[in-house]
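These values consider heavy atoms only, across backbone and side chains, with no hydrogens, waters or symmetry-generated copies. Throughout, a chain's letter reflects where its sequence line sits, starting with A, and its residues are numbered from 1.
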Number of protein chains: 2
Amino acid sequence: MSLDGQLPPKMRLLRAAAELLANSAGASVSTRQITQLAGVTAPTLYHHFGDKEGLFDAVVAAGFEEYVAGERDFAPSGQPLEDIRRMWDNHVQFGLKQPELYLVMFGNIRPESRPAIVADAEALLEEMLTKAAAAGQLNVQPREAARSILAANVGVTLMLIAEPAAERNLELSTMTRDAMIFAVSTEQAAGASPEDSGKSSVVVAAIALNAALQASHSDQLSSSELKLFLEWLHRISTSTSS
Amino acid sequence: MSLDGQLPPKMRLLRAAAELLANSAGASVSTRQITQLAGVTAPTLYHHFGDKEGLFDAVVAAGFEEYVAGERDFAPSGQPLEDIRRMWDNHVQFGLKQPELYLVMFGNIRPESRPAIVADAEALLEEMLTKAAAAGQLNVQPREAARSILAANVGVTLMLIAEPAAERNLELSTMTRDAMIFAVSTEQAAGASPEDSGKSSVVVAAIALNAALQASHSDQLSSSELKLFLEWLHRISTSTSS
DNA sequence: TCAGTTCATATAGCAATGCTATAGGTGATA
DNA sequence: TATCACCTATAGCATTGCTATATGAACTGA
């Protein structure tokens, strides 16, 4: 079978690569397989993508588009933390639905190659977490919370992918998810956690104000005042000692 | 340079492969590079390891021995949860010290190939968590806790590896670590403070910060800075627009 | 001591891989 | 028609993982 049709060769190459990548259980996919399935010869591939890795990057980029679309494609519930849960679940589902693609995206991250995807995924989470912070529901900076949650999310998804599909236990996901969200949220504020007993109230309030200010542009302060104000606010909200 | 010496060829192959794998920044290592560095010809490799992947598996196994040794190599503090923290940190340190090896071990996990390593790492954690459970410090089953903590641990380590070494922020690790441990432990009994749920305006946040600042004297701002800061805060919190 | 057996290494080479130098074909524009 | 940029194909190179076969070394039993 070949992916002929009226599609331009560039598209056919992308689809062929995606299909072979998705069905190759870890085995390496050769350019010859791809070009044959696409009904195209080798130079066409290198003309359009320069490289085998270039083609794979394009496939990953397409997959990432799909992922982002999924992350955005539900109505905000009004409860940011609930939306975070859905984003988490969507992330896991994406990984389980396209494990090979996911492994290329998040399993082989190397310092020099592709922190871009990670940064984008973080930004998605951070965006939603900022709303939570604005509602006073966040314990830490939205950015730090996003990094932490994403890390756990990736780890859980990789673990689930590694398991045979039959015995996958999604409880691992929900449990870890709720643990992370609970840890960054203020629901626990009165708790006995030893290290944040001193910082909590001031820092939480500062973080919330910071997020709220950035969401709604208050005109009570001039721009220069606001700049200095935000700087001080940042200083307070990043303080760790009481 | 070659790894000659009195070592048997099998060892030389292992060391050569480990060294090349450690220094190859993601690039693929060829059998010819390995055999040349080991001062050996190709059939020797296949005689001892059968396969290129067989050799790499052996390298991974050796690396895993080192990892396990590190996980066991500290005296139990008597506080299981504190020991879990050290195991977490040791895991991260191992990943950062040998990133390429770590990526092979935990980044490329595929359902059919190697859940063995994951299972062993889980068992290490579970062993310690069982002690915590015996001391009544655990909220969930040790096995579930181990799976969850390991997943987050792997995710965090992968994220840190993906970052340029210069700007690695280990706070991501400690924060996620404590979040996970806190979530599975029984320490969290204290109640929540649902008073400020639902509102998100700048004013509310400013008022909260104002109150919090006056309650606890933060030393992040000088007194003159603080005075001006509070004035602005007052201006914001008395504004009429939401 | 010496044939037999087993283990370990080397020589030479195969098929498959990623990639490319070069040339041919196509359509739009002048 | 002629030109020119763009896209694709033919053929082949260097490198890859791997192996069929042969040679050496070390030990065994007589």
H47(B) NE2 to dC7(C) C1': how many Å, rounded? 6 Å
Rounded to whole angstrom units, what separation is found between the NZ atom of K52(A) and the P atom of dC19(C)? 7 Å
May I ask you to verify if any side-chain N or O of S30(A) is less than 4.0 angstrom from the OP1 or OP2 atom of dT17(C)? yes
Does K52(B) NZ have over 12 foreign heavy atoms under 6.0 Å away? yes
Can you check the D51(A) CG to dT17(C) C1' distance for me, whole Å? 14 Å
Can you tell me how far P of dC7(C) sits from NE2 of H48(B), to the nearest Å? 12 Å
Quick one: R32(B) CZ to dC14(C) C1', roughly how many Å, whole number? 11 Å
How are the rings of F106(A) and H91(A) set relative to one another: parallel (under 30°), tilted (30 to 60°) or perpendicular (over 60°)? tilted
Mind calculating the distance between CD (E53(A)) and P (dT17(C)) to the nearest angstrom? 19 Å
Between CG of L45(A) and C1' of dG18(C) the distance, given in whole Å, is 10 Å
Which side-chain hydrogen bond (donor to acceptor under 3.5 Å, both in side chains) pairs, counting each pair once, include a residue from residues 118-129 of chain B, with sequence neighbours left out? E126(B)-R143(B)
Looking at Q33(A), I'd like to know if its CD atom is crowded, meaning that more than 12 non-hydrogen atoms belonging to other residues, nucleotides or ligands lie closer than 6.0 Å. yes
Segment of DNA chain D, first to last nucleotide, that comes within the 4.0 Å heavy-atom reach of chain B: dT16(D) to dA20(D)
Specify the separation, in whole Å, of atom CG of L20(A) and atom P of dG18(C). 12 Å
Output every pair passing salt bridge (Lys or Arg N to Asp or Glu O under 4.0 Å) with a member in residues 154-163 of chain B, not counting sequence neighbours, ordered by first then second residue. R147(A)-E163(B)
For atom CD of Q141(B), is the number of surrounding heavy atoms from other residues, nucleotides or ligands below 6.0 Å larger than 12? no
Indicate, with a heavy-atom threshold strictly under 4.0 Å, whether T41(B) touches base, sugar-phosphate, or nothing. base
